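Since the structure comes first, as structure tokens, the remarks are kept for the end.
Predicted, not measured: the structure shown is a model, and the values here were computed from it. If you read the sequence from its start, that first residue is 1, and numbering goes on from there.
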Amino acid sequence: RDWSVTGVQTCALPIFIGVIEDLARYFHRPPDQLGPDQIREYTAHLFRDRKLADNTVNQRVGALRFFFRKVLKRPWDGDEMPYPKKRIHLPIIWSPEEVSRLIDAAPTAFYRTILMTLYGTGVRRAECAALKLTDIDSARMVLHVQDGKGGKDRDIVLSPRLLEELQQHSQRLRRESAVWLFPGGTHHTADTPITNKVVWHACRESAKRAGVNKPLHPHTLRHCFATHLLEAGADLRTIQLLLGHSDLRETMIYIHLSKR
């Protein structure tokens with residue numbers, strides 16, 4: 001079937017199809033022959049037998065809801081097929097001093113710029129990897145994030161220190177990039193951007209050298225960006241816009257993380 005007409009984003013399509021296929025395999029029946037009773041049984045199976053986390057089950061139920069409503073054009077009764085209760089896990093936050101140690105511990109200047117961009121703008125890992133040179137508006141000191149999560153664009157104010165770092169970063173590249181802020185390839189000379197995995201490696205390798213006994217991944221720096229802004233006096237609405245959250249309730253988690 002042509003899944004492009006369903007509105008599922010291309011990057012999420014394999015996961016979406018995988019959930020539908022898994023449901024069909026479990027009952028040995030096509031999904032269009034299944035209903036609320038089977039969905040509830042399948043949800044219980046994910047918890048009981050597969051021991052999946054509640055947030056993971058929520059994502060699967062969301063995919064099934066989309067499939068039944070948008071693809072099969074069938075009603076979805078929230079009372080008959082409710083979402084499991086979502087558990088909130090508060091992320092680990094590094095202090096500003098610890099983040100400074102992390103950035104100073106970066107094994108390469110390229111990795112340092114990635115870390116500074118993650119922390120200085122709060123962009124997601126995929127958004128960081130896909131940044132273009134034209135996304136930097138030096139005159140207005142703004143970073144444009146194009147086609148972020150949910151296909152939304154947003155602008156983020158750049159600090160003078162980060163703007164200077166990004167300008168120096170471009171000058172350090174062996175080959176002047178025509179498009180990408182972070183070009184891929186062994187020597188960063190490719191005509192394609194770095195992968196998300198490179199962003200992850202920048203965090204992992206720098207964290208090892210920083211000597212801070214806390215877990216770190218790219219999203220940690222996004223959480224630090226928001227939490228430190230809130231502690232510095234920024235309001236939640238501003239942080240919501242900078243992070244690209246569609247719902248203010250997503251941003252309110254930082255109230256629990258802030259020391260204010």
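No option in Arg237, Gln240, His245 other than His245 meets the side-chain hydrogen bond (donor to acceptor under 3.5 Å, both in side chains) test with Thr251. Applying salt bridge (charged side-chain N to carboxylate O under 4.0 Å, His left out) to Glu127 and the options Lys149, Lys132, Arg154 leaves one that passes, Arg154.
Atom CE of Met141 has more than 12 neighbouring heavy atoms from other residues, nucleotides or ligands inside a 6.0 Å radius. Within a 6.0 Å radius of CG in Asp153, more than 12 heavy atoms belonging to other residues, nucleotides or ligands are found.
Hydrophobic clustering of Ile, Leu, Val, Met, Phe, Trp and Tyr side chains at less than 4.5 Å, counting indirect connections, keeps Leu131 apart from Val142. A continuous path of Ile, Leu, Val, Met, Phe, Trp and Tyr side chains, each step under 4.5 Å between heavy atoms, connects Ile136 with Leu118, placing both in one hydrophobic cluster. Cluster annotation: Leu243 is not connected to Val157 through the hydrophobic network of ILVMFWY side chains, with a link wherever side-chain heavy atoms come within less than 4.5 Å. With hydrophobic clusters built from ILVMFWY side chains whose heavy atoms lie under 4.5 angstrom apart, Tyr254 shares a cluster with Leu248. The hydrophobic clustering, which links ILVMFWY residues whose side-chain heavy atoms are closer than 4.5 Å, places Val123 and Ile253 together.
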Candidate pair Leu236 and Ile255, rule side chain to side chain contact (heavy atoms under 4.5 Å, CB included), full reasoning: CA-CA 9 Å; Leu236 277 177; Ile255 295 176; 3.4 Å; yes
Derivation and outcome, side chain to side chain contact (heavy atoms under 4.5 Å, CB included), residues Leu64 and Leu23: CA-CA 9 Å; Leu64 294 174; Leu23 174 71; 3.7 Å; yes
Chi angles and distances behind the side chain to side chain donor-acceptor pair (under 3.5 Å) call for His201, Tyr111: CA-CA 9 Å; His201 273 294; Tyr111 277 5; 5.3 Å; no
Stepwise side chain to side chain contact (heavy atoms under 4.5 Å, CB included) check, Gln168 with Thr113: CA-CA 9 Å; Gln168 292 176 353; Thr113 306; over 6 Å; no
Candidate pair Asp155 and Leu241, rule side chain to side chain contact (heavy atoms under 4.5 Å, CB included), full reasoning: CA-CA 8 Å; Asp155 286 349; Leu241 295 174; over 6 Å; no
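Proximity of Arg124 to Arg222: side-chain heavy atoms (C-beta onward) are separated by under 4.5 Å at one or more points. Counting heavy atoms from C-beta on, the side chains of Ile114 and Ile194 come closer than 4.5 Å. Side chains of Thr117 and Leu166 form a contact here, defined as non-hydrogen atoms less than 4.5 Å apart. Counting heavy atoms from C-beta outward, Val179 and Leu133 have side chains that stay 4.5 Å or more apart. At least one side-chain heavy atom of Val145 sits less than 4.5 Å from a side-chain heavy atom of Ile156. Side-chain atoms of Cys203 and His217, non-hydrogen and from C-beta on, never get closer than 4.5 Å to each other. Contact of the Leu102 side chain with the Tyr119 side chain is not registered, since no non-hydrogen atoms from C-beta on lie closer than 4.5 Å. Side-chain contact between Ile17 and Glu21: present, with at least one pair of heavy atoms (C-beta onward) separated by less than 4.5 Å.
In this structure, Ser138 OG and Leu143 CG are separated by 10.5 Å, a value rounded to the nearest 0.5 Å. The CD atom of Glu164 sits 8.5 Å away from atom CE of Met116, with the distance rounded to the nearest 0.5 Å. Considering CG of Asn58 and CZ of Arg65, their distance stands at 11.5 Å, rounded to 0.5 Å. For the atom pair CG of Leu52 and CD of Gln59, the computed distance is 10.5 Å after rounding to the nearest 0.5 Å. Summarising the geometry, atom CG belonging to Leu163 is positioned 13.0 Å from atom CZ belonging to Arg140; distances are rounded to the nearest 0.5 Å. Between the OG atom of Ser95 and the NE2 atom of His228 there is a distance of 6.5 Å, given to the nearest 0.5 Å.
Nearest heavy atom pair, residue Leu173 against residue Phe110, reads CD2-CE1, 4.1 Å. The minimum heavy-atom distance between Ala105 and Ser206, with the atom names listed, is CB-O, 3.7 Å. Counting all heavy atoms, side chain and backbone alike, Phe68 lies closest to Pro31 at CZ-O, 3.8 Å. The shortest heavy-atom contact between Thr134 and His144 is O-CD2, 4.1 Å. Summarising the geometry of Trp94 relative to Val99, their closest heavy-atom pair is CB-CG2, 3.8 Å, with the distance given to 0.1 Å. The two atoms that bring Gly185 and Ala190 nearest to each other are N-CB, 3.9 Å, heavy atoms only.
Taking the six-membered ring where the residue is Trp, the centroids of Tyr26 and His45 are separated by under 6.0 Å. Ring centroids of Phe182 and His169 are separated by less than 6.0 Å, placing the two rings close together.
Within the 3.5 Å criterion, the main-chain N or O of Pro96 finds a donor-acceptor partner in the side chain of Ser100. Between the side chain of Trp180 and the main chain of Asp191, a donor-acceptor pair closer than 3.5 Å is present. The main-chain N or O of Thr238 is found under 3.5 Å from a side-chain atom of Asp235 such that the two form a donor-acceptor pair. Trp200 places no side-chain N or O within 3.5 Å of a backbone atom of Thr195 that could act as its donor or acceptor partner. A donor-acceptor contact shorter than 3.5 Å is absent between the side chain of Lys214 and the backbone of Ile92.
Thr43 and Arg60 are not linked by any side-chain donor-acceptor pair at a separation below 3.5 angstrom, with hydrogens and angles left out of the test.
Counting only residues at least two apart or in different chains, salt bridge (Lys or Arg N to Asp or Glu O under 4.0 Å) contacts with residues 113-122 are absent.
A salt bridge is defined here as a Lys NZ or Arg NE, NH1 or NH2 lying under 4.0 Å from an Asp or Glu carboxylate O, and Arg161 with Glu165 meets this definition. Salt bridge Arg50/Asp22: present, at least one basic N to carboxylate O contact under 4.0 Å. Comment: Lys208 engages Glu205 in a salt bridge, judged by a side-chain N to carboxylate O separation of less than 4.0 angstrom. Ion pairing between Lys152 and Asp147 fails under the 4.0 Å rule for side-chain N and carboxylate O.
The ring-ring contact (aromatic ring centres under 6.0 Å, His included) test applied to Phe225 returns no partner, not counting sequence neighbours. When the side chain to side chain contact (heavy atoms under 4.5 Å, CB included) test is applied to Asn196, the partners found at least two apart in sequence or on another chain are Arg125, Ala126, Ala129.
Under the 30°/60° scheme for interplanar angles, the aromatic rings of Phe66 and Phe16 are found to stand perpendicular.
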